[in-house]
Amino acid sequence: MRDYISPDSMDFNSDYMMINGQYCRTVFLRNYGTFVDDNIITELTSINKNLMLSIDFIPIPVDEANKDVDNILLGVQSDKANFNRRQAQNQNYGATNYDLEQREKEILEIRNDMRYRDQRIYDTIISMVITADSKQELDNLTESIFAKASENSTAQFATLRYQQLDGLNTVLPFGVKRIECYRTLTTESLASFMPFHAQEVSHPGGAYYGQNAISNNMIFVNRHSLLNGNSIVLGVPGGGKSFMVKEDIVSIFLSNPDADIVIIDPEREYNALVKAFGGEVINISANSPNHINAMDMNANYEDEGNPVTTKSEFIMSLCEQLLGTSADAKDKSIIDRCCKNVYDGYIKNNYSTQQPTLKDFREELLKQKETEAHDLALAIELFTDGSLNTFAQPTNVDINNRLISYDILELGDSLLPVGMLIVLDNLLNKITSNREKRRQTYIFIDEMYLLFAHQYTAKFLYRIWKRVRKYGAFAIGITQNVGDMLESNTARTMVSNSEFVIMLNQKASDVLELSRLLEITPNQTQYFTNKDAGQGLMKIGSNLVPFVNKFPKDTQLYKLMTSKPGEAI
């Protein structure tokens, strides 16, 4: 900039100048037209050449502006009356002057805007200095800028003649205006020329989530700064959602030693990453030696009242899932009674003895005299003493690791709904336990649409989604089947209430659904429609920020996080 303010040499011609051997030209916006695209300044400044652009505006006092507008309107109406009188003298009664009619209409609109919409009036100059290495390049660049301006609006740039030095002084940041190329604009019209329309998010202590696609500034999001830290990651296969989630996991793991991370992995995508960071992969299936006790319950399971009451509701949902039908009033009473009985000794011993299991619960059912209790015991026998009894054993996995992944790929159709429900309940135990230890918990649920395919898992997930914030935890859902998931009213509520939503490339039908649900404009949907992997739109609180997230491929970390065949470890 100093070379322009105090150059070694300057030479001025009628329509260009030479500064330190560089060819320069000052141009200005001469004709603003009736329509101006609000991206015109952004597009002009995005040209990969050295440019200087200046927007100078002077507010006109309201009383003076009203007087000027009234005088102009009076003059136009006088010209219009004189025209009509002349036409009447020539007996040409139907003639009208289109230019005068249009000017009167425009001035009346400006006056109404000032009086009823609180619009101000500004004298405005928009000028630009173009630089190039040769005269031919300067001429070509000038034509390119003029063409770009006329493409996006009816505005027209023009070259200053014999005023190149005055134009340069006007563009430079002196705060002086040496050229008389004013145009009167309202507040609304002037706003079209403001290039600073990008929303920026940079929370103190936030994690990195790529670059703003408009400004190229880095995006930093701190979930603690939002009303709730729950988030949803949406995208078609190949859109980069699992990579972005893994990047998030690594960032949390490395930056926050007081945080535990738990992953529900139905596609076995996270094993390599988890093992590389010393985490625990828990394989859950009918044949796995790993067991999670469905009856696990710690002392912090419920905030208020008796935790057995809340656990009883979970066991009711579990039994209904096992039965494949809703339990009636008698069944619910029996289940509640048996739950209290099997937990009675455990609670009296201050949660220090071995926890009861589903086998203990079934034995308690058999002790009851009602036939309905024996029917319930028979219905759940397959899952307590039969071949699908993996959740009826005492828990034998290490859930104290900072990084845990539940690999549920091999659960099978029969155990999947039950397994998902029990894993979620196990997570609730970990969350409530961590709260007492003042540790944060991040829960990543991949292919979340699977949970909404079953009534009871959907209801339980919704309950967790609402409660985790007060436990110092955050829930993150990842899914590719956006349309299937949004068919559930519960899922729609969860998405709309999540403060942090990452939308990567979407199908056309899903774009429409998301735009309606999250109030996204058609211009904003372009950022997550037909985009490459790692590009999309983020909803961060009330902000909608387009982003690009690129990661160097020649790194070990990239190989751990990518899912592309031939690139992953």
Side-chain angles (χ1 to χ4, degrees), residues 1 4-5 12-17 19 22-61 64-65 68-69 72 103 106-107 109-110 113-114 119-132 138-198 214-215 523:
M1 184 63 72
Y4 291 99
I5 297 173
F12 296 95
N13 293 279
S14 62
D15 62 347
Y16 72 96
M17 51 192 160
I19 301 177
Q22 280 274 312
Y23 288 81
C24 307
R25 174 172 289 147
T26 309
V27 299
F28 70 101
L29 199 55
R30 178 178 62 186
N31 184 357
Y32 290 73
T34 57
F35 166 76
V36 178
D37 191 320
D38 60 0
N39 286 324
I40 180 173
I41 299 299
T42 302
E43 293 191 12
L44 289 174
T45 54
S46 67
I47 295 174
N48 191 24
K49 294 292 181 181
N50 288 328
L51 304 172
M52 292 186 294
L53 184 137
S54 174
I55 303 175
D56 297 282
F57 53 90
I58 303 172
I60 301 174
E64 183 181 331
D68 289 344
V69 170
I72 294 171
R103 285 188 63 194
E106 291 174 357
I107 294 169
E109 286 180 357
I110 291 174
D113 285 345
M114 293 171 60
Q119 294 282 303
R120 296 288 301 274
I121 296 296
Y122 300 85
D123 281 338
T124 308
I125 303 173
I126 298 179
S127 51
M128 178 187 292
V129 172
I130 310 165
T131 64
L138 181 66
D139 292 339
N140 293 340
L141 185 56
T142 303
E143 290 182 12
S144 176
I145 289 173
F146 288 2
K148 186 177 284 289
S150 60
E151 276 177 14
N152 294 280
S153 64
T154 55
Q156 292 180 346
F157 273 92
T159 301
L160 279 170
R161 301 289 178 177
Y162 302 101
Q163 289 184 284
Q164 289 292 306
L165 177 58
D166 289 335
L168 176 63
N169 284 323
T170 300
V171 173
L172 289 172
F174 295 152
V176 299
K177 292 163 283 297
R178 295 290 179 83
I179 57 176
E180 298 294 328
C181 302
Y182 291 108
R183 170 68 187 267
T184 302
L185 295 178
T186 62
T187 307
E188 195 171 54
S189 301
L190 182 61
S192 299
F193 295 99
M194 293 295 106
F196 314 110
H197 67 282
I214 297 174
S215 66
N523 285 338

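Throughout, residue positions are numbered sequentially from 1 according to the sequence presented. Only this structure's heavy atoms are used, side chains among them; waters, hydrogens and symmetry mates stay out.
- The shortest heavy-atom contact between I58 and K177 is CD1-CE, 3.5 Å.
- Annotation: the span from L168 atom CG to M17 atom CE amounts to 4.5 Å, rounded to 0.5 Å.
- For the atom pair CG of D56 and CZ of R178, the computed distance is 12.0 Å after rounding to the nearest 0.5 Å.
- One finds the CG atom of N169 at 10.5 Å from the OG atom of S127 (value rounded to the nearest 0.5 Å).
- Of all heavy-atom pairs spanning R120 and P59, the tightest one is NH2-CB, 4.0 Å.
- Listed here is the closest heavy atom pair of C24 and Q164: O-OE1, 4.2 Å.
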* side-chain contact (heavy atoms from CB on, under 4.5 Å) assessment of I121 paired with M114 -> CA-CA 8 Å; I121 296 296; M114 293 171 60; 3.6 Å; yes
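- When all heavy atoms of L53 and V171 are compared, the closest pair comes out as N-CG1, 4.3 Å.
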* Begin from the C-alpha positions of Y16 and L138 and carry the test side-chain contact (heavy atoms from CB on, under 4.5 Å) through to its verdict. => CA-CA 9 Å; Y16 72 96; L138 181 66; 3.9 Å; yes
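- Judged by distance alone, with hydrogens and angles left aside, the side-chain atoms of T26 form no donor-acceptor pair with the main-chain N or O of L160 at under 3.5 Å.
- When all heavy atoms are compared, the tightest approach of A132 to Q22 is O-OE1, 3.3 Å.
- The minimum heavy-atom distance between G167 and I179, with the atom names listed, is N-CG2, 3.9 Å.
- To the nearest 0.5 angstrom, R161 atom CZ is 11.5 Å from N13 atom CG.
- Between the side chain of T170 and the backbone N or O of D166, at least one donor-acceptor pair lies under 3.5 Å.
- Note that OH of Y23 and OG1 of T142 are 13.5 Å apart. Values are rounded to the nearest 0.5 Å.
- Annotation: the span from I72 atom CD1 to T184 atom OG1 amounts to 6.5 Å, rounded to 0.5 Å.
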* Going through the checks in order, is the side-chain contact (heavy atoms from CB on, under 4.5 Å) test met by F28 and I125? -> CA-CA 8 Å; F28 70 101; I125 303 173; 5.5 Å; no
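- Aromatic ring orientation, F157 versus F146: parallel (interplanar angle below 30°, classes split at 30° and 60°).
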* Between I130 and L51, is a side-chain contact (heavy atoms from CB on, under 4.5 Å) present by the stated rule, with each step listed? -> CA-CA 5 Å; I130 310 165; L51 304 172; 3.9 Å; yes
